[in-house]
Structures are given as structure tokens and as C-alpha cells.
Amino acid sequence: MACPAMANGNGSLKNLKLNDTKGKTITCKAAVVYGPGEPFVVENILVHPPQKMEVRIKILYTSICHTDLSAWRGVNEAQRAYPRIFGHEASGIVESVGEGVSEVEEGDIVVPIFNGECGECSMCKCEKTNLCERFGVDAMKKVMEGDGTTRFSTVNGKPIFHFLNTSTFSEYTVVDSACVVKFLDSDHSLSHKNLTLLSCGVSTGVGGAWNTANVHSGSTVAIFGLGVVGLAVAEGARARGASKIIGVDINPDKFIKAQTMGVTDFINPDDEEKPVYERIREITDGGVHYSFECTGNVDVLRDAFLSSHEGWGLTVILGVHASPKLLPIHPMELLDGRNIVGCVFGGFKGRSQLPHFAKECGQGVVKLDNFITHELPFEEIDKAFDLLITGKSLRCLLHF
């Protein structure tokens with residue numbers, strides 16, 4: 001069954017005939033990778049119907065995150081699996097649901113999330129974590145939870161592996177129902193484009209500032225790495241009334257954009273004769289209340305940790321560390337009163353908390369428009385990756 005008409009550019013669902021494909025295998029376009037760092041092959045694939053507790057989604061928009069970049073490159077050999085469909089930031093419409101799914105139905109606007117929420121396990125029921133025992137983030141996972149097989153295959157029948165519970169570089173994808181967040185138009189005023197941002201980067205950064213660090217009014221903040229996650233931290237800290245937000249990045253082109261998102265001071269490590277943490281201590285009277293590491297670099301992590309104030313400083317790890325290197329911190333350094341903590345998906349429980357976050361974004365608490373710097377047709381996915389690699393884009397939205 002060929003793909004039906006998709007949504008038009010303004011996000012409406014005109015001419016999308018869902019019943020034409022329900023229960024059938026769909027032939028559609030996807031970007032498939034056949035080896036580490038190999039070019040994306042935009043080709044026709046088969047997307048099979050959703051099974052028990054699964055949802056098939058028509059993707060409206062998808063974007064590219066640095067996690068996709070490192071996974072595509074195959075930095076962590078243990079996570080390699082090919083052929084594979086990457087992508088984990090998207091918005092879409094439910095095309096069909098499998099047996100037992102009651103939370104969403106055909107036609108619902110949804111966002112797929114890489115860190116699911118089943119709502120039944122001990123972790124989902126615990127207020128202290130947003131992890132899920134069955135559907136939490138797992139870069140090793142390459143098949144569906146229910147039966148251990150894939151819902152993607154080549155036109156010749158060869159299985160294609162999944163990625164991060166989502167695989168959004170495809171016109172259609174199949175995800176577990178625990179990894180789908182439903183958004184009602186009456187609950188927010190966001191476009192489908194902006195909803196895409198909530199599926200990873202912006203939620204991770206803002207949530208890191210709000211849920212994990214609980215940045216308070218008048219506090220000082222240092223952000224290491226001014227990509228989408230780092231700038232989302234800045235947005236979150238600005239919204240909470242932080243008095244000084246220091247952005248650290250080696251790309252000076254990012255500083256102008258960062259200023260519009262609340263960053264008050266800028267440090268380029270390449271321009272400093274002394275360690276960055278010493279410079280930050282000088283301009284904050286001993287260190288910041290909160291530092292955020294958003295690079296996935298252990299050397300940067302150490303700078304972030306030492307830039308926080310003795311006695312009460314907190315460092316939040318938001319970067320994805322593909323390297324096998326361990327924390328560059330001696331246990332005795334923790335006795336000075338600094339703390340360090342990791343954060344997944346901004347501490348948000350996706351299905352139960354993301355809709356309220358969307359409402360806050362719709363009310364202007366967090367400004368989303370500035371994060372979308374480019375839009376391209378899906379066929380130009382290689383160009384979108386180049387924009388990210390060269391630091392020319394924050395989020396490039398791809399549309400079919």
C-alpha cells in the first residue's frame with residue numbers, strides 16, 4: 001500500500017486518509033543507514049502494521065539531534081546495528097493502533113518519545129525518577145519490545161533495525177504505546193513544528209533546569225555547550241529568573257543567538273589563557289549555583305564541575321557520553337560540598353507531564369521559535385546533517 005497524502009506545510013491534516021492503510025503493510029520513504037558513517041540512503045521500505053500495544057505514526061516533521069549524529073557515526077561500537085533507521089525527534093498523527101491500545105486513536109496528534117512511560121512499573125510509579133523499566137532510553141535496543149522483531153524491512157524483505165524506541169527518519173514508524181504522547185489542540189497553541197522540539201532537545205534542556213536543578217530566582221548558571229540542549233537550559237534558567245547565565249562554547253557564532261535566549265555572559269575556551277572554571281569563579285564570586293554539561297566530553301565535564309561553588313554547587317550532566325572514559329572527579333572533591341547528577345529527558349515523565357509543558361510553551365514561558373533555524377525536504381537529510389556538523393543550525397526540520 002503506497003503512502004497517502006501527508007499534511008500540508010501549515011500542519012493541517014487535509015487529505016490524510018487513514019483508513020486506506022489500516023492493517024496493511026505500507027510502502028514509503030525512509031533514510032536507511034547500512035554501516036557506520038555511511039551515507040543515508042533514501043529509499044522505499046516496508047512498514048508493517050502495529051502489533052499488540054503498538055502504534056503506527058505518520059510522521060509530519062522530524063529533526064536531527066547530536067545523538068543521531070553520534071549514533072550514525074557509530075562512535076560506540078556496542079550500539080551498532082545495521083541496516084537501521086535513526087531519528088528520535090518528531091511530531092506526527094496516529095495512522096493505526098494495535099490490540100490493547102486505548103490511550104491514543106487514529107487521527108490523534110502525537111509526539112514519539114525515546115524515554116517511554118508505561119505507567120505501571122515501579123519506576124513509573126515513583127516520583128523520584130522519570131525512567132521506565134521496560135521502555136526507558138536504551139541505545140542498544142534495536143527491535144520491538146513485544147515480540148523481539150522489527151516493523152521495518154527492505155522491499156526485498158530484509159529486516160531493518162529500530163533506534164531509540166522511535167526511528168523517525170521514515171514517513172511512517174511503529175512505536176510502543178508507552179512511547180507516544182498525545183496532544184489535544186485545546187490544551188496548547190503550538191504548531192506541529194514546535195511540538196517536534198518537545199520530543200528531545202528542548203525538553204531535555206528546560207527540564208534539566210527546572211526539574212533536576214530546580215534553578216531559583218537570582219541564581220547564577222554556567223552552561224557548557226550552546227547547542228539546542230544548552231540553549232534550552234538557558235531558556236529554562238531565564239524563565240526561572242537566574243541573574244547571570246554564562247554560556248561556554250568554542251563557536252563564537254553561537255553567542256549572538258544565545259543572547260536572545262537569556263545568556264548574559266560568554267566564554268570561548270580558546271580565548272582563555274587560564275582554565276574556564278577559574279574564569280567562571282572570578283566573575284561569580286567563587287562559582288555558580290548550577291552548571292550544566294551539554295557536550296558529552298569528560299574534560300568539559302570536569303570544568304563544569306569545578307566551576308560550581310563549593311558548599312552548594314550542583315552540576316547536571318545532560319551530554320551523551322559515548323566514550324568509555326569514566327568521571328574525571330576524585331571522591332574527595334565531593335567533600336567540598338559540590339554535587340553532580342545525571343539527567344535523562346529533562347526529568348520529564350513523557351506521557352503524563354509533557355502535555356503540561358507544551359501548554360507552558362504555548363503560553364510563552366519558553367520560546368520555541370528561535371530553535372528552528374532551517375527547514376528542508378526529507379530527501380535533503382544529508383544537507384541537514386552537514387548543517388548540524390558545521391554548527392550552522394540548531395534544529396533543521398525535515399518534512400515529507
Side-chain angles (χ1 to χ4, degrees), residues 127-130 188-190 194 197-249 254-255 257-267 280-281 283-295 304-305 307-319 337-350 352-371 394-395:
E127 295 181 356
K128 295 182 180 295
T129 182
N130 68 328
H188 66 89
S189 59
L190 299 180
N194 282 348
L197 301 174
L198 304 187
S199 55
C200 181
V202 170
S203 297
T204 296
V206 175
W210 289 2
N211 302 325
T212 304
N214 194 18
V215 170
H216 64 275
S217 178
S219 62
T220 53
V221 172
I223 303 167
F224 290 75
L226 297 179
V228 165
V229 173
L231 293 177
V233 171
E235 271 286 298
R238 176 198 57 76
R240 284 290 180 89
S243 62
K244 185 182 288 291
I245 303 174
I246 304 167
V248 182
D249 202 291
K254 294 182 178 181
F255 292 166
K257 171 70 77 171
Q259 193 170 16
T260 68
M261 297 183 176
V263 174
T264 60
D265 299 81
F266 307 103
I267 294 178
I280 291 176
R281 286 184 184 182
I283 63 178
T284 58
D285 193 24
V288 294
H289 293 91
Y290 310 101
S291 65
F292 297 84
E293 184 278 313
C294 309
T295 66
F305 176 74
S307 71
S308 67
H309 202 292
E310 291 183 3
W312 58 74
L314 173 66
T315 298
V316 179
I317 302 175
L318 296 172
R338 298 185 180 97
N339 292 295
I340 186 168
V341 65
C343 174
V344 173
F345 197 43
F348 283 113
K349 288 181 181 290
S352 57
Q353 296 179 338
L354 218 56
H356 178 69
F357 180 47
K359 182 177 181 179
E360 291 182 292
C361 292
Q363 294 171 341
V365 177
V366 174
K367 303 172 184 176
L368 297 178
D369 289 337
N370 286 338
F371 288 95
L394 290 176
R395 279 297 183 265

Sub-4.5 Å side-chain heavy-atom contact between Lys244 and Asp265: yes
Validation row: Asn370, Leu231 side chains within 4.5 angstrom (heavy atoms): no
Smallest separation among heavy atoms of Ala242 and Val221, with atom names: CB-CG2, 4.1 Å
Aromatic ring pairing Phe266/Phe255, orientation class (parallel under 30°, perpendicular over 60°, tilted between): parallel
Side chains of Val248 and Ile280 in contact at under 4.5 Å (non-hydrogen atoms): yes
Contact check, side chains of Met261 and Phe371, non-hydrogen atoms, under 4.5 Å: yes
Check: Arg240 and Asn214 side chains under 4.5 Å, non-hydrogen atoms: yes
Mutual orientation of the aromatic rings belonging to Tyr290 and Phe292 [parallel < 30°, tilted 30-60°, perpendicular > 60°]: tilted
Closest approach of Val229 to Cys294 (non-hydrogen atoms, all atoms of both residues): CG1-SG, 4.1 Å
Exceeds 12 heavy-atom contacts within 6.0 angstrom, atom NZ of Lys367: no
Ile245 vs Arg238, side-chain contact (heavy atoms from CB on, under 4.5 Å): CA-CA, chis, key distance, verdict: CA-CA 8 Å; Ile245 303 174; Arg238 176 198 57 76; 4.3 Å; yes
Residue pair Val233 / Ala209: nearest heavy atoms and the distance that separates them: O-CB, 4.0 Å
Gap separating the CD1 atom of Ile246 from the CD1 atom of Ile223, nearest 0.5 angstrom: 9.5 Å
Pairing residues for Thr129 by the side chain to side chain contact (heavy atoms under 4.5 Å, CB included) criterion, not counting sequence neighbours: Met123, Cys126, Leu131
Report all side-chain donor-acceptor pairs from residues 352-366 shorter than 3.5 Å, counting only partners two or more places apart or in another chain.
| from | atom 1 | to | atom 2 | distance (Å) |
| --- | --- | --- | --- | --- |
| Ser352 | OG | Glu117 | OE1 | 3.3 |
| Ser352 | OG | Glu117 | OE2 | 2.9 |
| Gln353 | OE1 | Lys349 | N | 2.9 |

Short side-chain to backbone donor-acceptor contact, Asn130 and Gly350, under 3.5 Å: no
Interatomic distance, Thr284 atom OG1 to His289 atom NE2 [nearest 0.5 angstrom]: 9.0 Å
Which atom of Gly313 lies closest to which atom of Ser308, heavy atoms considered: CA-CB, 3.7 Å
Derivation and outcome, side-chain contact (heavy atoms from CB on, under 4.5 Å), residues Leu190 and Leu198: CA-CA 11 Å; Leu190 299 180; Leu198 304 187; 4.1 Å; yes
Rounded distance (nearest 0.5 Å) linking atom OG of Ser203 with atom CG of Asn211: 9.5 Å
Gly208 to Cys343 - nearest heavy-atom pair and separation: CA-SG, 4.0 Å
Donor-acceptor pair between Glu293 and Thr295 side chains, under 3.5 angstrom: yes
Distance, nearest 0.5 Å, that separates CZ of Phe348 from OG1 of Thr212: 9.0 Å
Non-hydrogen atoms of Gly205 and Leu318 that approach each other most closely: CA-CD1, 4.5 Å
Rounded distance (nearest 0.5 Å) linking atom CD1 of Ile317 with atom CZ of Phe224: 12.5 Å
